[in-house]
Amino acid sequence: MDKRKKGLRQWVQIGFTALTNGYWLGFLTGRIYRGPGKAACVPGLNCYSCPGALGSCPIGALQAVLGSRDYKVSFYVTGFLLLVGSVFGRFVCGWLCPFGLIQDLLYRIPFFRKRKNLPGHKGLVWLKYGILVLFVILLPSVVVDLVGQGSPWFCKYICPSGTLMAGLPLLASNEYLRAAAGALFAWKVGLLVLVILLALWVYRPFCKYICPLGAVYSLFNPVALYRYEIREDKCTKCGRCASACKMDIKTWQQPNSRECIRCGDCVAACPEGAILRRPFGRGRQNEDKK
């Protein structure tokens, strides 16, 4: 991908992060925004409790409903995930997720010898599906208190995005929260530090192995309207797309792999122009007209 297109993706990431976390008064006062925007979900992993967040994280919203004693199904959250997933798939991960942007920036820091994956990558990629089922769906639904209320297990015990974008800013501006922080917060800071160190070494470890929202969107990649297409008449199977792909996908074999975040590196790396973006049903048809 040339520098202009790489810059475009980064600016889209920055712009969308700023747009969805634009309540700057929250960072100054240590209070989260509670306006009408919080009733709506944003596509990426964007913590509800971040002082600047103007919308809700779909994973947090889903857990809130599943753990509620009054509601067990949210047609809005389910419909939102179905709509965004079926249109964009993991394009959201590559272009619109704030924590994805943070990992991209960390990986650029010249620290450690860079690698694409952790050892045991092929097995570890399935971990995010287990986290989705266990910590996002089952535990909030099944493990409840005396009044029948469940906890948001993923947000409470795992999510490093929430710790970075919500926990740390809130504690920095609120002495009462700092005094109340205990072992659970120390555990989550430890997880955040681990993810940061891994992101300096491995490309997007959270996205590859942990993120339940990425797991949801990945299920739609093979059928999403925004997809990639290989022109068999041009592809020489040279492997340059796979070399360029930091998600470690053999694009010529699996252009719509569940792991693809649609960053576009493979498209730029192909010397034959054999990889086409197919936004919303347009692809080969438009190419053939040229």
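Keep in mind that what you see is a predicted model, and the values were worked out from it rather than measured.
Here Thr20 contributes atom OG1 and Leu96 contributes atom CG; the two are 9.0 Å apart, rounded to the nearest 0.5 Å. Atom CD of Gln253 is separated from atom SG of Cys235 by 9.5 Å, given to the nearest 0.5 angstrom. Atom CG of Asn221 and atom CZ of Phe88 lie 13.0 Å apart (nearest 0.5 Å). With rounding to the nearest 0.5 angstrom, the CG atom of Leu219 is 12.5 Å from the OG atom of Ser86.
The environment of CZ in Arg31 is sparse: at most 12 heavy-atom neighbours from other residues, nucleotides or ligands sit within 6.0 Å. Remark: Phe111 CZ is loosely packed, at most 12 non-hydrogen atoms of other residues, nucleotides or ligands lying under 6.0 Å away. Atom NZ of Lys250 has 12 or fewer neighbouring heavy atoms from other residues, nucleotides or ligands inside a 6.0 Å radius.
The ring-ring contact (aromatic ring centres under 6.0 Å, His included) search around Trp252 returns none, not counting sequence neighbours. Under the rule for a side chain to side chain donor-acceptor pair (under 3.5 Å), the partners of Ser218 that lie at least two apart in sequence or sit in another chain are Tyr129. Scored by the salt bridge (Lys or Arg N to Asp or Glu O under 4.0 Å) test, Asp104 finds Arg9, Arg204 as partners (sequence neighbours excluded).
Residues Arg262 and Arg90 share a closest heavy-atom pair of CG-C, 4.3 Å. Residues Leu171 and Ala181 come closest through the heavy atom pair CD2-CB, 3.7 Å.
Counting heavy atoms from C-beta outward, Cys211 and Phe99 have side chains that stay 4.5 Å or more apart. Contact check for Arg231 versus Leu276: side-chain heavy atoms found under the 4.5 Å cut-off. With a 4.5 Å cut-off on side-chain heavy atoms, Leu81 and Tyr217 count as touching. Side-chain contact between Val143 and Ser151 is absent, with no heavy atoms from C-beta onward closer than 4.5 Å. Within the 4.5 Å cutoff, no side-chain heavy atoms of Tyr23 are placed close to those of Leu28. The side-chain heavy atoms of Lys114 and Arg108, taken from C-beta on, include no pair separated by under 4.5 Å. Under the 4.5 Å side-chain criterion, counting only non-hydrogen atoms from C-beta, Phe220 is in contact with Leu82.
The hydrophobic cluster containing Leu66 also contains Leu139, counting ILVMFWY residues as joined when their side-chain heavy atoms lie under 4.5 angstrom apart, directly or transitively.
With ring centers used as reference points, Phe135 lies 6.0 Å or more from Tyr157.
Cation-pi geometry between Lys38 and Tyr33 is not satisfied (NZ or CZ under 6.0 Å from the ring centre, within 45° of the ring normal).
A salt bridge is defined here as a Lys NZ or Arg NE, NH1 or NH2 lying under 4.0 Å from an Asp or Glu carboxylate O, and Lys128 with Glu259 meets this definition.
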